[in-house]
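Residue numbering restarts at 1 for every chain, and letters A, B, ... go by the order of the sequence lines. Please read these numbers as outputs of a predicted model, since none were measured by experiment.
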Protein chains: 2
Amino acid sequence: MASGNPAQARRRARQSPDERRKQLIGIGLEMLTTRPLHQITIDEVAAEAGISRSLLFHYFPTKRDYYADVVRAGSRRLLRATRVEGDSIDDVVAGLLSFIERRHEPYIALFRSSGTDDWVHEIFRDTRAALTDQVLTALDIAQPSELVRAAVGAWLAYAEELTLEWAQHGTGTRERVHTLLTGALEHIVRAAR
Amino acid sequence: MASGNPAQARRRARQSPDERRKQLIGIGLEMLTTRPLHQITIDEVAAEAGISRSLLFHYFPTKRDYYADVVRAGSRRLLRATRVEGDSIDDVVAGLLSFIERRHEPYIALFRSSGTDDWVHEIFRDTRAALTDQVLTALDIAQPSELVRAAVGAWLAYAEELTLEWAQHGTGTRERVHTLLTGALEHIVRAAR
DNA sequence: TTAATTATCGAGCATTGCTCAATAGCGACG
DNA sequence: CGTCGCTATTGAGCAATGCTCGATAATTAA
């Protein structure tokens with residue numbers, strides 16, 4: 001199943017903590033592309049890494065902590081993807097579209113399965129807050145009121161939903177969706193002021 | 001903790017299957033007001049009902065099936081709450097606002113904790129689809145294009161997000177939120193046509 | 001070479017979803 | 001009123017899984 005090196009190799013191949021952490025989180029991220037978070041068991045991760053369960057608990061005090069680190073890593077990817085494109089609002093929207101288009105599977109696995117517990121949702125909120133900041137910056141809104149912030153945050157929910165629908169079922173063209181998103185954003189921000 | 005009758009009473013108090021089902025689902029719904037879905041264990045439900053774990057599996061072949069029935073029951077409540085108010089779009093929005101205002105805790109517990117597995121999200125989608133129909137009817141849109149349907153569905157995400165924010169942190173007044181929602185809906189539908 | 005550090009493992013515990021054979025409450029029928 | 005059948009109900013037990021803990025071996029410092 002899981003690709004890569006089975007890493008059964010020799011026993012007791014000692015590695016530096018940093019390497020191990022990266023490896024384990026990398027495995028988690030890769031598994032996330034296949035199944036939702038809560039379906040990833042410690043046993044599987046350990047097996048894929050070629051280590052014992054115990055070692056994973058040596059690096060991550062609890063399963064939650066491991067999950068949290070994996071999800072955080074995934075979030076960072078998303079934020080990076082929307083930032084590289086540029087600073088205009090069109091760039092941010094384009095970045096979001098591209099990211100979800102290419103990775104809607106893992107995206108869903110990441111955030112739609114937030115339910116595992118509040119802590120995932122917290123990370124999700126942090127990510128969305130960061131995205132909100134990006135959007136506000138792109139709109140040249142320096143000191144938004146609470147309501148504007150909330151409205152933009154909610155618009156992100158709208159954007160995600162519509163984009164996922166498009167990515168999954170091909171509802172409309174990419175340009176159309178893009179236009180709808182920017183149009184809605186403009187309207188929403190104007191109305192919330 | 002959990003209120004109600006501990007039901008320890010006499011052992012082997014035989015009941016009709018219908019009663020038992022209702023009782024168990026009721027317990028699930030009540031527990032949902034306290035914690036997210038996935039934190040509800042069969043043991044607890046059984047204990048609260050005063051029966052053995054095994055009996056629960058007699059009525060619900062698997063934990064998922066039990067959860068699914070509980071969530072469906074919760075969804076029905078939501079749909080009822082938005083329908084009683086009336087037929088106009090203002091009524092639907094008002095119903096949504098009222099429901100989330102009064103029950104944002106259980107609402108979150110219901111749907112934000114979808115992660116347990118795809119099946120919850122399916123029920124969630126069904127519920128949202130039904131809500132979408134209500135909205136479309138209220139807007140007098142008989143045969144919406146796929147894009148319009150998708151846009152309205154995504155607007156529901158926007159509405160939920162903004163309403164939850166308002167209900168939880170008091171961002172803006174109720175009237176303001178109401179206006180924002182109807183305004184955004186109008187704009188979105190017009191743009192998607 | 002020896003000592004200290006710590007990455008790594010194996011065995012084992014507790015919880016939890018789930019199975020299955022046995023038991024007991026309740027209605028039907030003589 | 002007895003007894004028989006149906007099935008609601010139970011208890012013991014299995015398997016998976018998160019997690020703990022003492023022991024061990026690889027690496028580094030002295």
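- Within 3.5 Å, a donor on the side chain of S54(A) pairs with an acceptor on the base of dG10(C), or the reverse.
- In this structure, L24(A) places its CG atom 13 Å from P of dA7(C), rounding to the nearest Å.
- For dA7(C), the OP1/OP2 oxygens have a side-chain nitrogen or oxygen of H58(A) closer than 4.0 Å.
- dC9(C) atom P lies 11 Å from atom CG of L56(A), rounded to whole Å.
- Spacing between atom OH of Y66(A) and atom P of dC19(D) amounts to 13 Å, rounded to whole angstrom units.
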Under 3.5 Å, which donor-acceptor pairs link side chains of residues 68-76 of chain B to any protein atom two or more places apart or in another chain?
| from | atom 1 | to | atom 2 | distance (Å) |
| --- | --- | --- | --- | --- |
| D69(B) | OD1 | R72(B) | NH2 | 3.3 |
| S75(B) | OG | V71(B) | O | 3.2 |
| S75(B) | OG | T127(B) | OG1 | 3.0 |

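- For residues 175-193 of chain A, the side-chain hydrogen bond (donor to acceptor under 3.5 Å, both in side chains) pairs, not counting sequence neighbours, are D90(A)-H178(A).
- Atom CD1 of I51(A) and atom P of dT8(C) are 7 Å apart (whole Å).
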Between the protein and nucleotides 13-17 of chain C, are there any N/O to N/O pairs under 3.5 Å, and if so, what are the atom names and distances?
| from | atom 1 | to | atom 2 | distance (Å) |
| --- | --- | --- | --- | --- |
| dG17(C) | OP1 | K63(B) | NZ | 3.2 |
| dG17(C) | OP2 | I42(B) | N | 3.2 |

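- Evaluation of atom-type donor-acceptor distances gives no pair under 3.5 Å for the side chain of R14(B) against the base of dA8(D).
- Sorted by first then second residue, the side-chain hydrogen bond (donor to acceptor under 3.5 Å, both in side chains) pairs that include residues 136-146 of chain B, not counting sequence neighbours, number zero.
- With sequence neighbours left out, R125(A) forms a salt bridge (charged side-chain N to carboxylate O under 4.0 Å, His left out) with E165(B).
- Taking atom CD of E19(A) as the reference point, atom P of dT6(C) lies 18 Å away to the nearest angstrom.
- Contacts of Y59(B) with the nucleic acid, taken as non-hydrogen atoms under 4.0 Å apart, involve only primed sugar atoms and P, OP1 or OP2.
- Note that R77(B) lies outside the cation-pi zone of F99(B), set by a 6.0 Å cut-off to the ring centre and a 45° limit from the axis.
- Not a single side chain to side chain donor-acceptor pair (under 3.5 Å) links T62(B) to another residue, sequence neighbours left out.
- Regarding D65(A), its CG atom lies at a distance of 14 Å from the P atom of dG18(D), rounded to whole Å.
- In this structure, Q15(A) atom CD and dC9(C) atom P are separated by 10 Å, rounded to whole Å.
- Ion pairing between E44(A) and R35(A) holds under the 4.0 Å rule for side-chain N and carboxylate O.
- Atom-to-atom, CG of L55(A) to C1' of dA23(D) comes out at 15 Å; the value is rounded to the nearest Å.
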